[in-house]
2 protein chains.
Amino acid sequence: MDRLLQSVKININENIYVKDPESSDLGKRIIEESILMINDMGFESFTFKKLGAKIGSNESSIYRYFENKHKLLLYLASWYWGWLEYQLVFATNSISNPKEKLEKTIEIVTKATEEDSSFSHINEVLLNKIVINEYSKSYLTKEIDAENKEGYFIIYKRLVTRISDMIKAIDPDYPYASSLASTILEGSLHQYFLRDHFPSLTDCHAKNAPTAYFLNLVFSILIPKTK
Amino acid sequence: MDRLLQSVKININENIYVKDPESSDLGKRIIEESILMINDMGFESFTFKKLGAKIGSNESSIYRYFENKHKLLLYLASWYWGWLEYQLVFATNSISNPKEKLEKTIEIVTKATEEDSSFSHINEVLLNKIVINEYSKSYLTKEIDAENKEGYFIIYKRLVTRISDMIKAIDPDYPYASSLASTILEGSLHQYFLRDHFPSLTDCHAKNAPTAYFLNLVFSILIPKTK
DNA sequence: CATATAATGATAGTAATACTATTATATTTG
DNA sequence: CAAATATAATAGTATTACTATCATTATATG
């Protein structure tokens, strides 16, 4: 990744945290270790008490950063989507050809995650796994409408909207640009999950196969004329 | 729905329950009321204690039917997918034209659920809502591989395979039949969720719009020649 | 450099959850 | 009617998800 990112901070809705974890060493350790732990033991088994023990800190100290583990998950997910959005904008900004631009976008949002050394306390590869396995749980709740109103999902929504806009730029008459955009993002996570746990339900077995699947899918729909 | 269903029992893996809830009045009340409660309060807030209070029974009695609420969710989901599979097979069995057959299938698995009077203690409309909002939680767990091995997801997998086979029947050269089939099933649930909570991320606002979206998607991919 | 302020840590406590175990009481069936 | 089975009632446990209070340790500022 470009060194430009080293001076970039992913901007996350301030209401998600009590105290910005980027603002202190303890905060960064909370983020760093929670990624490892949630990936290891799953979100259900993960607790602030266990996290405290692991980072040699106290449960009560962690509560000064996040109200609860749900909010921590929202933070991690927002960070991930913000990071992905940055990569997307950075890589596609200079592309003027709409088809090429969408191609590059699909590639970026569906490819296997690679480590980014710009954020030393965040393991992007594991964070991607967390998003695959846990992201749905952050919005499949009874509080969804209230939390959406609070803006806890803006980054994700902005990402979908960006992709939707690119689809419209290619085919203004296609009536399902938003649905297709959300299908790409959500569907990509799902294909990776299937690959690992229900291999018979997917054809995405090779590295970056989801990219090939979605490229084929999207451009079969949008540009059947050029076939 | 056809009266044939009245003599049909949805067959669910016996390891999901301790005692078959279909085998007693209390069992049926557990299923009936748990659907209402999970729909009302969400799976997280739902407990066997609350369910017991609601049906005028005891927490410990419910544990004689299901080990825990996770297993109950697996049961409800299996029942839903089994019910949907039955409808699908019933409605498409006599269709010999592969394209028509897949069309009918997409229609059935993506359309809004309607009440089926054949199973008086099960509210299919609410059960569909539960599947939309909670199904992912049943497999996004650390126990997924063990539970998959136990066969807790066979009905769902069989459904995806059926759709995948129909796709292959239309285009044997399309290399992503399984991925496309899983995208239809999972994507349909997701579009309904978006419609209710993130309307800007979907174009599926009208009744049964997901059906139109997926019909267009699938047949743009599979039969671009006939366009 | 002293001291105020903020950050962190330690300890305790609570209500609820997700159970298990035991015993009592109905209900069914042979 | 007796035996077996199903259900209900009660109690108990470890863990979770916090809240509250107070002590200690950094750090910042005057």
Side-chain angles (χ1 to χ4, degrees), chain A residues 14-34 37-38 40-76 121 134 137-138 140-143 146-147, chain B residues 14-34 37-38 40-76 121 134 137-138 140-143 146-147:
Chain A
E14 294 189 2
N15 296 317
I16 288 185
Y17 48 76
V18 182
K19 179 181 172 175
D20 186 358
E22 288 293 322
S23 71
S24 76
D25 184 63
L26 177 62
K28 283 180 194 152
R29 267 156 56 223
I30 289 173
I31 299 304
E32 178 172 20
E33 200 59 43
S34 68
M37 285 184 80
I38 293 173
D40 271 357
M41 65 206 300
F43 188 66
E44 294 32 74
S45 300
F46 170 81
T47 70
F48 280 0
K49 195 169 190 178
K50 291 174 186 170
L51 175 60
K54 195 75 170 281
I55 63 179
S57 176
N58 200 276
E59 197 187 2
S60 59
S61 302
I62 298 164
Y63 276 102
R64 287 205 194 83
Y65 285 84
F66 294 100
E67 269 177 65
N68 49 50
K69 68 174 180 172
H70 169 69
K71 287 283 185 82
L72 171 58
L73 180 59
L74 288 175
Y75 180 91
L76 294 177
H121 61 300
E134 323 286 0
K137 299 171 193 168
S138 78
L140 294 176
T141 69
K142 279 286 163 184
E143 294 75 38
E147 295 192 345
Chain B
E14 294 189 2
N15 297 316
I16 288 184
Y17 48 76
V18 182
K19 179 180 173 174
D20 186 357
E22 288 292 322
S23 70
S24 75
D25 184 64
L26 176 62
K28 285 181 194 150
R29 266 155 58 222
I30 288 173
I31 298 305
E32 178 172 20
E33 199 61 42
S34 68
M37 286 184 80
I38 293 173
D40 270 359
M41 65 206 300
F43 187 65
E44 283 53 55
S45 301
F46 170 81
T47 71
F48 281 0
K49 195 169 190 176
K50 291 174 187 170
L51 175 60
K54 195 75 170 281
I55 62 179
S57 174
N58 199 276
E59 197 187 1
S60 59
S61 302
I62 298 164
Y63 276 102
R64 284 201 198 82
Y65 285 84
F66 293 100
E67 269 177 65
N68 48 50
K69 68 175 179 172
H70 170 68
K71 287 284 185 82
L72 170 58
L73 180 60
L74 288 176
Y75 180 91
L76 294 177
H121 61 299
E134 323 286 0
K137 299 171 192 168
S138 77
L140 294 176
T141 69
K142 279 286 163 185
E143 295 75 37
E147 295 192 345

Inset, instruction - Looking at every strand, decide which applies to A:S60 at a 4.0 Å heavy-atom threshold: base, sugar-phosphate, or nothing. - result: base
Inset, instruction - Could you tell me the separation between the CD1 atom of B:I62 and the P atom of C:dT17, rounded to a whole number of Å? - result: 14 Å
Inset, instruction - Could you verify whether a donor N or O on one side chain and an acceptor N or O on the other, from B:E147 and B:H70, lie under 3.5 Å apart? - result: yes
Inset, instruction - Look at the side-chain N and O atoms of B:K69 and state whether any lies under 4.0 Å from the OP1 or OP2 oxygen of C:dA18. - result: yes
Inset, instruction - Find the distance B:L51:CG to D:dA8:P and express it as a whole number of Å. - result: 12 Å
Legend entry - salt bridge (charged side-chain N to carboxylate O under 4.0 Å, His left out) evaluation trace for A:E44 with A:K137: CA-CA 10 Å; A:E44 294 32 74; A:K137 299 171 193 168; 2.7 Å; yes
Inset, instruction - Quickly work out the B:Y63 OH to C:dT17 C1' distance and round it to whole Å. - result: 8 Å
Inset, instruction - May I have the distance from A:I30 (atom CD1) to C:dT8 (atom P), rounded to whole angstrom? - result: 8 Å
Inset, instruction - May I ask you to evaluate whether B:S57 reaches the phosphate of D:dA6, defined as a side-chain N or O under 4.0 Å from OP1 or OP2? - result: no
Inset, instruction - Please confirm whether the backbone N or O of A:E33 pairs with a side-chain atom of A:K54, one donor and one acceptor, at under 3.5 Å? - result: no
Inset, instruction - For C:dC19, take OP1 and OP2 only and decide whether either is under 4.0 Å from a side-chain N or O of B:K49. - result: no
Inset, instruction - Measure from CZ on B:R64 to C1' on C:dT22 and round the result to the nearest Å. - result: 11 Å
Inset, instruction - Find the distance A:F43:CZ to D:dA17:P and express it as a whole number of Å. - result: 9 Å
Legend entry - Phosphate OP1/OP2 of D:dA8: any B:S61 side-chain N/O under 4.0 Å: yes
Legend entry - Whole-Å gap separating P (D:dA6) and OH (B:Y65): 8 Å
Inset, instruction - Nearest whole angstrom, please: distance from the C1' of D:dA17 to the CZ of A:F46. - result: 13 Å
Legend entry - Side chain of B:K19 - closest among C:dC19, D:dA6, D:dA17: D:dA6
Inset, instruction - Scan A:L73, A:I31, A:L74 and name whichever one has a side chain to side chain contact (heavy atoms under 4.5 Å, CB included) with A:F66. - result: A:I31
